[in-house]
Amino acid sequence: MICSLLFYALYPLSRYLTAGRRSEDSQKGLSPAVVHGTAAWDGCAVTTKRFTQSQTTQPDQWLSSSSTAKGKTEEGMKEGSPDKEGDTGMEQNKEQPVAVPHKEPKNGETKMSEEPQSEATKTSEEPQSEATKTSEEPQSEARTTDEEPQSEAKETSEEPQSEAKETSEEPQSEAVKTSKEPQNEAMMTSEVPQGKMEVSMQQNINTKEATDVPSEDINPEQALAAHIKWLQTDASIKETDCPGLEEIQIHTPTHSVEELVISAEERIEQTACSGEQQTQIPSMESETPAVSEVTECWDEYYINPAADEEYDGANSSKLVFCEHSQTHLTISKPCNTQNSLHFPAGLGLAGEIECPLWQFPAGSYYPPLESPESFEVMWRVWQSLPAAEPALIPFPFTKTSLNFTVMSYNVLAQDLLEANEELYIHCPLEVLDWSYRCSLLLEEIFKWAPDILCLQEVQENHYHEQLYPVLCQMGYTCVYKRRTGPKTDGCATCYRSSCFSEVSVSLLEFFRPDTELLNRHNVGIVLLLRPVVTQGSEIKAMGPPLCVGNTHLLFNPRRGDVKLAQLAMMLAEIDSTVKSCKAKGEHCNIVLCGDFNSVPNMPLYQLITTGTLYYRGLPAWMVSGQEDLSFKTHFHRLSVPLWHSCLGITDNCQYSASKNTFENKDQTSGKLHYSHDFMRQLRYCPAACVRPVDLKLIQGVTDNAPDPSLENPSYDTCSRHTLTHCLDLESVYQHVLPGSGAPEVTTVHSEVGATVDYIFYSPRRSSTSAQTACGNFVSEGLELIGSLCLLSEDVLWSMNGLPNHMFPSDHLSLVAKFQLDLNSPAIGKTVGEVGGIDVRG
Amino acid sequence: MNNKFDALKDDDSGDHDQDQGSPKDSEKEKIEDEDKDQNSTRKKMVVPGAGEHPLQYNYTFWYSRRTPGRPASTQSYEQNIKQIGSFASVEQFWRFYSHMIRPGDLTGHSDFHLFKEGIKPMWEDDANKMGGKWIIRLRKGLASRCWENLILAMLGEQFMVGEEICGAVVSVRFQEDIISIWNKTASDQATTARIRDTLRRVLNLPPNTIMEYKTHTDSIKYVQCVTFRRSFLAEIDYANQK
């Protein structure tokens with residue numbers, strides 16, 4: 001309960017801070033709250049926040065919460081103990097495995113070795129956020145109490161313990177603290193990129209640093225133990241139900257617990273350095289490459305006010321977690337609605353919090369150990385989202401889940417590069433060399449080791465000669481589809497054979513000679529995969545089918561109509577794939593990625609993410625939003641209907657009845673069945689508008705002329721101007737860099753920098769849990785649990801644009817990590833035996 | 001009323017006869033000849049085009065308009081009916097349909113018939129002689145929509161009665177329009193019931209709509225009777241006029 005109370009008190013506060021940090025005009029005077037960040041460096045760093053706030057607002061937030069006052073007093077009682085929150089976090093972490101019927105292997109090291117790249121570092125940062133995460137948990141459970149009385153009971157039963165522990169730990173909290181602080185630091189920095197606001201955070205190097213270092217030396221075991229706990233907590237990501245939380249973590253190649261402390265130190269050093277240089281970002285060319293990279297890296301962090309904060313010096317507690325600006329936290333949680341009174345989740349708080357500039361110690365902390373190569377990894381920051389919904393699973397049931405990563409990458413075909421050299425005049429020649437780019441590309445793939453790899457602009461000969469052999473060696477099964485027409489590139493979808501078995505492959509050609517709208521040579525690939533977890537040769541578990549779409553839509557910014565038609569074909573194929581699964585009683589998860597040549601929040605994107613687009617009269621250029629061509633006096637507007645119904649695709653982005661018709665044929669006495677709707681779609685197809693040669697002209701009988709525009713407005717009006725689809729798709733990326741608020745870009749060349757690549761996925765909705773035949777509860781949909789941060793255009797130009805010596809294409813790779821529930825055969829296993837299975841394990 | 005409709009196939013209720021003269025007859029003969037030719041060739045020729053959506057059966061559109069001033073008889077009915085064209089796919093269907101005036105806009109005393117290729121829209125046809133039809137009378141203004149719904153259901157094989165369906169007819173009359181669907185076996189009550197239910201569904205008919213089933217043999221008897229009387233009266237009429 002203490003934990004939960006603490007959470008009640010702290011959560012909004014941290015939200016406030018978070019929101020405030022987005023503040024653009026944060027340096028204007030009138031802020032009711034002032035945040036001072038202080039950082040201590042001890043090989044780790046302590047960030048201290050002083051939170052000055054008008055006290056009245058605090059109680060107000062909690063008017064409707066019965067535990068508010070209590071939480072406040074608790075807080076008050078503990079004031080002056082800067083480690084309190086951290087301790088709470090620790091205790092919560094201990095509770096976690098109990099509260100959640102989903103337990104990790106005890107050995108944190110095992111877990112780490114499973115995910116050498118991302119998880120290891122994540123764990124070192126996680127605890128703080130985990131703390132808050134867990135502290136949020138009681139609340140969510142309270143609301144879903146009936147579902148999980150048991151775990152709650154356990155939780156409460158542990159409270160005294162935790163409290164005891166807390167107090168006992170406080171005297172020697174330094175040790176814990178030191179191990180925690182680096183994470184705090186990391187979190188703190190990682191919070192920065194969130195909003196659009198300029199962050200100016202004052203981080204003072206605390207004198208604590210001095211004391212912290214020795215204390216860690218004194219108590220290393222404890223710190224290590226803490227790490228292990230965090231590891232466990234981290235691994236059980238799906239447990240808590242706090243969608244808003246997320247951590248950004250630095251991606252360092254740490255492999256074991258032993259290295260953790262060291263790596264944390266290193267990271268902090270880097271962070272410190274970058275902090276110093278923060279003001280120099282625009283002019284960082286003067287720095288050594290490595291340093292400037294770190295500087296940018298810093299930008300990707302969240303900053304977490306970790307150590308302690310005081311309310312007018314009266315209350316002190318630590319703020320522990322950060323959150324994403326785009327989270328859907330505000331949807332359901334009462335506390336959030338309360339928060340929204342004072343802490344609007346959006347950017348509105350901008351002016352209320354003043355965040356002075358960070359001040360780091362001298363650059364002596366800069367880590368010279370890291371080689372420039374590894375900074376390549378550091379450049380883009382892995383950001384993981386905690387996924388959780390333990391309360392939904394009734395206690396006796398077990399759940400197995402599977403994590404997999406997806407990469408979408410437009411690799412820039414060499415032929416296209418050479419055909420459009422003017423786009424790459426900013427590049428040194430050597431980075432345009434294919435063999436050089438190829439090695440970087442393979443390095444990138446190797447580095448992130450995606451389980452599913454969707455490549456665009458893969459040149460046919462390069463694919464067969466270079467990429468395919470290597471990818472095969474890496475354990476991928478590859479499907480390649482070259483574009484029709486003269487262009488030599490195409491799409492390739494590769495999946496790790498050890499994780500997925502292939503159910504079906506559809507290679508789509510968007511070129512239709514008979515349809516003017518589809519006279520462009522773009523292609524797509526739709527795979528239906530079955531996730532499998534094997535142990536030896538035995539299949540241990542199978543997941544629900546996964547439909548993976550990969551496409552590269554037409555570039556031409558003026559032809560939004562063509563893009564829409566191509567997208568519709570893609571969606572129709574996915575839809576039919578999903579339906580084929582549904583026919584077998586299975587839910588099919590969807591990942592749709594590729595280069596859509598359309599920018600976020602423009603009509604094409606809207607259609608994908610919202611499922612609806614009213615397109616009548618829309619200027620064709622506007623569909624993609626790549627360029628603003630509104631200055632042109634004459635531009636093509638989308639007409640109705642967008643494509644002829646004989647394309648066989650409806651305005652719902654589904655195949656029209658034809659396919660179903662032939663399916664029906666088997667079921668019903670071998671007859672060809674057509675619905676009215678289907679036949680009416682063909683009414684004005686070109687073939688039907690030609691007068692039959694043998695039709696005699698009889699005045700008043702056969703002298704009618706078909707007029708598509710006039711006929712039958714009655715039953716066509718509603719559907720005809722709107723494109724829809726019924727796939728539930730969400731973008732992995734939010735298209736705005738957390739912290740700076742600068743737009744993310746996925747491509748940069750001399751003419752444009754924009755987001756045009758996406759990974760869309762079918763998200764897990766809380767209502768879609770279903771009990772499977774074998775008694776397990778399996779939730780439908782994918783849980784996004786991490787992604788590789790994109791960069792801003794400025795940052796990329798600071799690296800001399802794309803491609804460069806780090807990124808071999810004029811696009812960046814997109815990487816996302818998902819979790820799905822398996823139809824586990826693990827019936828009868830007790831809780832705790834079934835844990836998360838990582839694909840790569 | 002039933003009787004009236006049945007008789008309408010070739011009756012003359014005296015609505016619009018005055019404007020038609022004897023020249024029509026020779027013209028009609030020619031058409032009939034041509035139709036015969038077309039029949040023989042079309043049966044082999046009509047196939048779905050590439051990429052088109054084939055229909056389960058090929059169908060033929062027919063058009064008939066009562067020729068006034070001429071004694072009604074079985075033969076004159078057959079001569080009076082014109083073949084518009086045959087089709088084998090959904091697309092080909094629309095080609096014809098789109099170039100035809102919608103039933104609601106037809107003038108005079110006209111019928112559109114849509115029958116499976118090879119079945120003549122006559123009671124006497126082998127496919128029809130044991131059959132019957134469901135009849136729905138529509139007030140003016142509804143025929144176009146109902147006709148379209150009816151034939152789409154037929155072409156799309158929505159009646160689910162195997163080979164039973166023969167064709168459909170829309171008859172434009174003075175005060176009302178009539179649509180009907182013909183099937184092969186009047187005595188097959190399961191089939192006729194299923195057709196009736198499907199009709200209600202696809203035409204979206206209100207529950208109180210009156211639907212009549214009429215066997216063709218009844219129609220023939222009635223019409224023969226009526227025809228005899230009518231032609232008798234007409235002759236007397238004719239004699240009187242003279």
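Keep in mind that the numbers below use all heavy atoms, side chains included, and drop hydrogens, waters and symmetry copies. Here is the naming used below: chain letters follow the sequence lines, and residue numbers restart at 1 for every chain.
- In terms of non-hydrogen atom pairs under 4.5 Å with chain B, the most contact-rich of A:Asp703, A:Val690, A:Thr702, A:Val701 is A:Val701.
- Remark: B:Lys82 fails to qualify as a cation-pi partner of B:Tyr63 under the 6.0 Å distance and 45° angle criteria applied to the six-membered ring.
- Comment: B:Asp197 does not engage B:Arg201 in a salt bridge, judged by the lack of any side-chain N to carboxylate O separation of less than 4.0 angstrom.
- Contact annotation for B:Phe61: neither backbone nor side-chain heavy atoms come within less than 4.5 Å of a heavy atom of chain A.
- Centroid-to-centroid, the aromatic rings of B:Trp182 and B:Phe115 come within less than 6.0 Å.
- One finds no salt bridge joining A:Lys563 and A:Asp561 here, because no Lys/Arg side-chain nitrogen approaches an Asp/Glu carboxylate oxygen to under 4.0 Å.
- Looking at B:Asn149, both its backbone and its side chain come within 4.5 Å of chain A, counting heavy atoms on both sides.
- Looking at B:Phe87, there are no atoms closer than 4.5 Å to chain A (heavy atoms on both sides), in backbone or side chain.
- Interface remark: A:Leu697 contributes no atoms to any contact with chain B (heavy atom separation under 4.5 Å).
- The contact between B:Glu52 and chain A is made entirely by side chain atoms (from C-beta outward), counting heavy-atom distances below 4.5 Å.
- In this structure, the ring of B:His53 has its center less than 6.0 angstrom from the ring center of A:Phe678.
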